[in-house]
Amino acid sequence: MKQYEALAQPFMIGNMRLKNRVVMPAMGTGLSAINGEVTPQLLRYYERRARGGVGMIVVEIACVDAPRGRVGFNQLGADQAQFVSGLSELADVIHGYDCKAAVQLHHAGRQTMPMVTGQPVVAPSPIACRFMKAEPQELTTEEVRQLVSKFVTSAFICRNAGFDAVELHAAHGYLLAQFLSPYSNQRTDEYGGSTENRARLLLDIIKAMKAALRGMVIGVRLNLTDFLPQGMQLEEGLKIAELVEAAGADYINVSGGIYESGQTTIEPASYQEGWRLYLAEAVRQRVKTPLIAGGVIRHPAFADAIIKSGAADLVWVGRGLLADPDWPAKALHGREADIRPCISCNTCIGNTFAGKAIRCAVNPLTAREWRLKDEKYCLEGQRIAVVGAGPAGMQAALSLSGAGARVDLFEKAPTLGGRLNVASRPPFKDKLQWLTDYFIHALETSPVGVHLATEFKVKTAGDSSFDLVVNATGAAIRALEIPGLNPEQEIDAEALLLEAAEELPAGTEVAVIGGGTTGCETAEFLAAKGCKVTIIEAGRKIAHGMESMTQLDLMLRLKQRSVQIMKQCKVIEARGNTLILQKGSEVAELAFDRVVVTIGYTGDDSLSRELDAAGIKNIAIGDCRDARNIESAIYEGYMSAARIASILK
């Protein structure tokens with residue numbers, strides 16, 4: 001018997017039968033060619049997800065009107081006959097695993113930039129997106145009518161390529177959603193004004209497709225609300241859903257939010273699992289059309305409960321399939337503990353926002369399947385020590401063991417996880433504990449020898465005849481000497497987060513020196529406990545380098561907790577319970593009870609230098625090389641097998 005019976009049930013959408021209720025939604029990857037062609041990278045990426053057991057894949061946003069409708073340089077194209085060949089290969093790859101294949105048809109409208117389109121952007125009305133800031137040209141009435149044929153032509157191309165369905169992207173503030181919203185559509189012709197008029201373009205496209213493409217499934221990714229006071233509200237969204245059903249749409253993929261509503265489209269870690277399900281529940285009361293719903297779905301039990309409740313007929317799992325393409329197969333076969341968890345860090349979208357290929361912090365293979373999938377590293381007979389059980393070390397131990405090596409993992413602390421155990425303590429960072437738990441389970445079910453509370457010595461390597469040592473000992477904390485500061489006034493940040501320091505009473509005035517990610521998260525941790533917190537940062541930016549949606553969310557929470565932020569300030573000295581600060585040519589004072597220094601970490605390769613001196617082969621991975629992030633640590637841990645195979649040839 002399969003686990004999660006509701007999730008495992010087949011389902012019909014029109015004449016299309018899905019083998020289960022799990023859907024991979026459209027997510028831009030940046031893996032297409034610059035002209036929109038399908039690439040080997042894209043094929044391997046989608047093949048891997050199809051192989052993982054998902055019922056349907058909605059292939060990422062495909063442009064119907066290049067170049068002015070493009071949202072990115074490496075966006076998939078569907079508006080020219082030249083794309084049929086590549087799209088056909090893509091459909092074939094997906095179908096090979098009994099997975100249904102859909103394509104999401106997309107026009108960016110005002111949510112793009114002239115540097116991408118090579119020409120002025122267009123929109124229903126000449127109102128700029130405050131996020132993109134490009135002043136759009138208003139589409140003429142005739143240009144709007146022409147868009148119907150552009151969408152239909154793209155759907156023809158997709159059908160000829162062998163796809164089972166197309167999905168119209170009428171959500172997240174892109175062109176079709178711009179027409180639906182009174183915020184972005186202030187036209188006075190037949191495509192503006194009333195709800196029916198603003199929905200006219202979408203409805204005309206659906207009707208034209210149903211007439212011209214008989215038998216092909218037509219779905220709509222539909223905004224039910226813009227999550228903005230001046231935008232479309234839920235009641236109007238429900239009315240539009242009824243109109244979409246009446247026009248003949250075969251399914252509605254429920255969504256909401258636009259670029260300007262911030263994290264409601266790309267949720268950071270603070271958003272609860274299934275937070276937007278209330279939208280699907282509301283639509284369910286108004287339409288009978290099959291519904292797809294999602295939003296931070298991480299656990300199979302939660303997804304199964306959605307189906308059982310009747311709130312939706314299918315559930316989409318997006319970032320979860322980036323973290324683990326086998327999410328459906330593992331879930332439906334009782335292997336939930338084997339699912340590598342998404343931690344909602346938004347590394348994926350951060351990369352695409354930067355114009356790069358999509359990546360996943362916890363899955364080093366995501367978007368690298370094309371060059372790593374078939375690599376075989378044979379380390380049979382090799383004895384390898386991995387020192388340090390943070391994310392780099394744990395991943396290295398698993399990868400090396402998987403390549404056939406006999407691996408021993410040494411950790412001086414009594415627990416696995418390294419600094420993941422610290423990083424998981426601030427508010428909304430508990431998903432990092434999920435990652436630690438995953439690694440612990442994976443190591444427990446592997447042949448790796450784990451040695452906790454054991455400090456590795458260079459002599460150990462020699463005595464045990466290890467062929468090579470992997471140094472994954474992590475970074476060292478950067479220290480800051482503050483003249484005049486009493487040592488009893490300073491709190492160690494890591495000890496504080498691990499709750500090993502004494503409990504600070506509410507109202508304690510704490511100065512957090514360093515406004516990077518660690519400093520800001522420590523400040524929120526303290527503020528949540530009732531402390532009065534001030535962040536002192538020498539640079540111009542706070543939480544510099546953090547993914548933009550996560551950063552915005554954190555800044556809002558710090559503001560809500562009344563955390564004070566002082567930028568471009570340097571601490572000169574402490575005088576009793578006063579810090580003397582310098583900002584430019586000015587000197588300021590800040591009263592404090594306690595100080596927490598969080599000015600970052602630095603690489604510590606001391607073990608590698610000792611091993612080199614002893615003539616013992618070794619490699620360094622993760623933060624001991626250079627303090628960076630989880631993505632770099634796990635990737636280098638995974639690649640350790642390849643590196644060692646080349647060293648030991």
Side-chain angles (χ1 to χ4, degrees), residues 26-30 34 36 60-61 63-75 106-140 143-144 147 169-187 191-192 198 201 221 223 225-232 255-268 346-356 358 539-556 559 565 567:
M27 296 177 286
T29 64
I34 195 70
E60 65 199 75
I61 51 177
C63 185
V64 303
D65 185 21
R68 71 177 182 176
R70 291 169 66 87
V71 73
F73 293 112
N74 291 84
Q75 183 180 1
H106 170 271
H107 192 303
R110 69 179 191 155
Q111 285 187 174
T112 185
M113 296 180 290
M115 68 177 291
V116 172
T117 63
Q119 55 186 264
V121 301
V122 296
S125 300
I127 303 168
C129 166
R130 289 180 295 175
F131 188 85
M132 304 305 291
K133 297 183 170 57
E135 294 292 334
Q137 291 183 352
E138 180 173 307
L139 289 160
T140 67
E143 286 176 322
V144 177
L147 284 169
H169 199 342
H172 305 166
Y174 294 116
L175 185 69
L176 295 181
Q178 290 164 29
F179 271 91
L180 296 176
S181 175
Y183 174 51
S184 48
N185 182 353
Q186 298 180 12
R187 300 173 69 93
Y191 296 99
R198 282 184 275 115
L201 173 59
R221 185 91 188 253
N223 256 28
T225 173
D226 291 340
F227 293 117
L228 288 175
Q230 64 272 48
M232 185 170 67
S255 199
I258 68 174
Y259 279 14
E260 291 180 41
S261 64
Q263 307 94 322
T264 57
T265 55
I266 308 294
E267 306 95 330
N346 281 349
T347 294
C348 47
I349 195 67
N351 263 47
T352 56
F353 279 165
K356 298 183 286 187
I358 198 169
R540 295 175 178 271
K541 296 182 178 180
I542 295 293
H544 183 62
M546 183 181 283
E547 182 275 323
S548 59
M549 292 294 183
T550 304
Q551 182 190 53
L552 175 61
D553 192 47
L554 177 56
M555 293 302 103
L556 288 172
K559 184 177 181 180
I565 297 174
K567 293 183 284 189

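Quick caveat: nothing in here was measured; it's all calculated off a predicted structure. Position 1 is the first residue of the sequence, and the numbers go up from there.
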**OP:** Drop me the distance from Leu554's CG to Ile542's CD1, to the nearest 0.5 angstrom.
**Re:** 9.5 Å

**OP:** Work out which heavy atom in Val64 is nearest to a heavy atom in His107; give both atom names and the distance.
**Re:** CG2-CB, 4.2 Å

Subject >> Residues forming a side chain to side chain donor-acceptor pair (under 3.5 Å) with Thr225, sequence neighbours excluded >> reply: none

**OP:** Taking salt bridge (charged side-chain N to carboxylate O under 4.0 Å, His left out) as the test, write out the residues that go with Arg110, two or more places apart.
**Re:** Glu260

Original post:
For Arg540, what residues pass the salt bridge (charged side-chain N to carboxylate O under 4.0 Å, His left out) criterion, not counting sequence neighbours?
Top reply: none

Subject >> Distance-minimising heavy-atom pair for Ala171 and Ser255 >> reply: CB-CB, 4.2 Å

Original post:
Listed by chain and number, what are the side-chain contact (heavy atoms from CB on, under 4.5 Å) partners of Ala354, not counting sequence neighbours?
Top reply: Lys356

**OP:** Compare all side-chain heavy atoms of Leu139 with those of Tyr191 and state whether any distance is below 4.5 angstrom.
**Re:** no

**OP:** Can you measure from CZ (Phe73) to CE (Met115) and round to the nearest 0.5 angstrom?
**Re:** 4.0 Å

Original post:
For Ser548, which residues count as a side-chain contact (heavy atoms from CB on, under 4.5 Å) partner, sequence neighbours excluded?
Top reply: Phe353

Original post:
If you look at every heavy atom in Glu135 and Pro126, which pair is closest and at what distance?
Top reply: OE1-O, 4.3 Å

Original post:
Which atom names give the shortest non-hydrogen contact between Thr112 and Val71, and what distance separates them?
Top reply: OG1-CA, 3.7 Å

Original post:
If you round to the nearest 0.5 Å, how far is CG of Asn223 from OG1 of Thr264?
Top reply: 8.5 Å

Original post:
Would you say the side chain of Met27 lies within less than 4.5 Å of the side chain of Thr352, judging by non-hydrogen atoms?
Top reply: no

**OP:** Scan for salt bridge (Lys or Arg N to Asp or Glu O under 4.0 Å) pairs involving residues 113-127, sequence neighbours excluded, and state none if there are none.
**Re:** none

Subject >> For Glu138, salt bridge (charged side-chain N to carboxylate O under 4.0 Å, His left out) partners two or more places apart >> reply: none

Subject >> Pairing residues for Tyr259 by the ring pair (Phe, Tyr, Trp, His ring centres under 6.0 Å) criterion, not counting sequence neighbours >> reply: Phe131, Tyr174

Original post:
Could you state the interatomic distance from CD (Gln263) to CE (Met549), rounded to the nearest 0.5 Å?
Top reply: 6.5 Å

Original post:
Side chain of Gln551, backbone of Ala543: donor and acceptor closer than 3.5 Å?
Top reply: yes

Subject >> Flag, side chain of Asp226 to backbone of Leu228, donor-acceptor distance under 3.5 Å >> reply: no

Original post:
Do you know which two heavy atoms are closest between Ser184 and Ala177, and how far apart they sit?
Top reply: OG-O, 4.4 Å

Original post:
Can His106 and Gln75 be said to form a side chain to side chain donor-acceptor pair (under 3.5 Å), step by step?
Top reply: CA-CA 10 Å; His106 170 271; Gln75 183 180 1; 3.1 Å; yes

Subject >> Closest heavy-atom pair and its distance - Gly256, Thr265 >> reply: O-CG2, 3.6 Å

Subject >> Partners meeting side chain to side chain donor-acceptor pair (under 3.5 Å) with Thr29 (sequence neighbours left out) >> reply: Glu60

Subject >> Qualifying residues under side chain to side chain donor-acceptor pair (under 3.5 Å), relative to Thr347, sequence neighbours excluded >> reply: none

Original post:
Donor-acceptor pair, Gln178 side chain versus Ser125 backbone, under 3.5 Å?
Top reply: no

Original post:
Going by the salt bridge (Lys or Arg N to Asp or Glu O under 4.0 Å) test, which pairs reach into residues 63-73, not counting sequence neighbours?
Top reply: Asp65-Arg68, Asp65-Lys150, Arg68-Glu143

Subject >> Test item: Arg187 side-chain N/O and Pro124 main-chain N/O as donor-acceptor pair under 3.5 Å >> reply: yes

Subject >> Glu547: partners by salt bridge (charged side-chain N to carboxylate O under 4.0 Å, His left out), with sequence neighbours left out >> reply: none

Original post:
Looking at CG of Leu175 and NE2 of His169, how far apart are the two atoms once the value is rounded to the nearest 0.5 Å?
Top reply: 11.5 Å

**OP:** Output the distance between atom OG (Ser181) and atom CD1 (Ile127), rounded to the nearest 0.5 Å.
**Re:** 9.0 Å

Subject >> N/O donor-acceptor pair under 3.5 Å between Asn185 side chain and Leu180 backbone >> reply: no

